[in-house]
2 protein chains.
Amino acid sequence: MYGDCMQDAGYTIQDMAERCGMTAHTLRYYERVGLIQPVGRARNGHRRYSEADEAWLHFLHCMRATNMPIREMQRYAELRELGDATSLERRKILEDHRTAIATQIVELQQAHALLTHKIANYKKIEQRIRIGGPMIAEPEPDCSLAPAS
Amino acid sequence: MYGDCMQDAGYTIQDMAERCGMTAHTLRYYERVGLIQPVGRARNGHRRYSEADEAWLHFLHCMRATNMPIREMQRYAELRELGDATSLERRKILEDHRTAIATQIVELQQAHALLTHKIANYKKIEQRIRIGGPMIAEPEPDCSLAPAS
DNA sequence: CCTTGACTTTGAGTGCGCTCAAAGATGTAC
DNA sequence: GTACATCTTTGAGCGCACTCAAAGTCAAGG
């Protein structure tokens with residue numbers, strides 16, 4: 001055919017690591033724990049990653065970056081190997097993770113708002129220090145959700 | 001005064017754990033690593049938490065829940081002990097963390113969108129299976145950010 | 001008096017997700 | 001031909017944030 005003389009084509013592990021925002025260590029680790037199928041090899045035994053590998057790795061990266069545990073990614077990867085018959089189960093995993101993400105977003109947004117509030121408070125304190133104003137009053141500025149603050 | 005006969009007042013460690021969404025283990029852990037000052041004790045040596053402790057613990061919980069490392073929380077806690085003079089430094093920590101949170105939110109939102117997309121794709125696949133339609137075509141549905149999909 | 005249960009301490013153990021060390025093969029550049 | 005970079009493998013090590021085990025104290029209830 002044609003591919004026989006192309007076996008050295010594809011990305012090296014370093015290339016792929018950079019493309020996916022992981023280290024080469026992590027790529028090998030993912031392979032040995034079964035998150036990605038044994039990768040093709042060049043004649044010298046070095047790994048050569050395909051575009052398909054890249055897409056899958058990007059997906060894995062995205063799931064990890066949003067705190068999906070390796071365990072769950074493994075389960076998903078296994079189902080994926082089994083083909084379309086596992087579609088429902090896989091969808092369930094994704095839906096559950098999407099729910100988890102939504103929850104995280106809410107928590108982060110709340111924390112963001114809290115920090116904005118506290119930062120404003122610090123600015124006030126700094127102002128008072130600068131003008132040598134009264135340092136008293138204003139209940140503990142560290143009391144997060146406490147009333148007023 | 002009055003407080004002398006009130007030394008057993010305040011929340012028990014269990015109460016506080018429930019109120020703050022942590023375990024008693026974690027509360028003791030936070031105390032020994034200096035995240036919270038030595039807590040008051042009842043006559044029998046048991047910890048008794050104050051309202052101020054609760055507010056601070058809530059804050060800590062909120063920071064941890066948004067992935068602030070313990071190390072950074074320790075640094076913040078130390079500065080807090082030092083009083084108003086550390087205001088600027090503390091504000092910097094909060095601002096940095098707020099930035100980190102904003103970044104996380106964006107990542108999560110992207111992942112959320114990606115999942116929504118993939119979930120829709122799975123539904124299509126399931127539909128095709130149900131009606132026994134053509135199983136071919138449509139490039140790998142797992143290719144995350146890949147074009148079309 | 002004795003049991004029960006909630007607490008105390010100290011130090012060790014756990015689970016996760018990498019991360020690295022060591023030793024070796026291969027291919028390119030000078 | 002020899003240095004150098006880049007890869008390979010296996011198994012061990014690490015940092016984080018808890019989490020628990022063991023042994024002990026104390027107060028209330030039956």
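Just so you know, these numbers use all the heavy atoms, side chains as well, and skip hydrogens, waters and symmetry mates. This one's a predicted model, so the numbers in the text were calculated from it and none came from an experiment.
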Which side-chain N or O atoms in residues 66-75 of chain A pair as donor and acceptor under 3.5 Å with protein atoms at least two apart or in another chain?
| residue | atom | partner | partner atom | Å |
| --- | --- | --- | --- | --- |
| A:Thr66 | OG1 | A:Cys62 | O | 3.0 |
| A:Thr66 | OG1 | A:Met63 | O | 2.9 |
| A:Thr66 | OG1 | A:His97 | NE2 | 2.8 |
| A:Asn67 | ND2 | A:Gln104 | OE1 | 2.6 |
| A:Gln74 | NE2 | A:Val33 | O | 3.0 |

Next on the checklist: Going by side-chain contact (heavy atoms from CB on, under 4.5 Å), name the residues that satisfy it together with B:Ala120, two or more places apart in sequence or in a different chain.
Outcome noted: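 Not a single residue meets the side-chain contact (heavy atoms from CB on, under 4.5 Å) criterion with B:Ala120.
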Item to check | Between P of C:dT26 and CZ of A:Arg43, the distance in whole Å | outcome: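 Taking CZ of A:Arg43 and P of C:dT26, I get 13 Å after rounding.
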Item to check | Integer-rounded Å distance: C:dT9 P and B:Asn44 CG | outcome: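 Going from B:Asn44 (CG) to C:dT9 (P), I get 11 Å.
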Checklist entry - First and last nucleotide of DNA chain D in contact with chain B, 5' to 3', at under 4.0 Å to a heavy atom: what are they? => result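 Under 4.0 Å from chain B, the extent on DNA chain D is D:dA17 to D:dC26.
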Quick one: salt bridge (charged side-chain N to carboxylate O under 4.0 Å, His left out) partners of [X], sequence neighbours excluded?
X: A:Asp15; answer: none
X: B:Lys123; answer: none
X: A:Glu95; answer: A:Arg91

Item to check | Stretch residues 60-73 of chain A: residues that reach within less than 4.0 Å of DNA chain C through a heavy atom | outcome: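 Here the set is A:Arg64, A:Pro69, A:Ile70.
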Pairing residues for [X] by the side chain to side chain donor-acceptor pair (under 3.5 Å) criterion, not counting sequence neighbours:
X: B:Glu31; result: B:Arg47
X: B:Ser50; result: B:Asp53
X: A:Thr103; result: none
X: B:Arg98; result: A:Thr116

Checklist entry - Any sub-3.5 Å donor-acceptor pair from B:His46's side-chain atoms to B:Ile13's backbone N or O? => result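 Judged by distance alone, no pair lies under 3.5 Å.
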Checklist entry - Closer than 4.0 Å, any side-chain N/O of B:Arg47 to the OP1 or OP2 of C:dC7? => result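 So the side-chain polar atoms of B:Arg47 never come under 4.0 Å of the phosphate oxygens OP1 or OP2 of C:dC7.
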Checklist entry - Would one find a side-chain N or O of A:Arg41 under 4.0 angstrom from OP1 or OP2 of C:dT26? => result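 Checking C:dT26 against A:Arg41, no side-chain N or O comes under 4.0 Å of OP1 or OP2.
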Next on the checklist: Expected output is a numbered-order residue list: members of residues 17-33 of chain B with a heavy atom under 4.0 Å from any atom of DNA chain D. What is it?
Outcome noted: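 Going residue by residue through residues 17-33 of chain B, the ones with a heavy atom under 4.0 Å of DNA chain D turn out to be B:His25, B:Thr26, B:Tyr29, B:Tyr30, B:Arg32.
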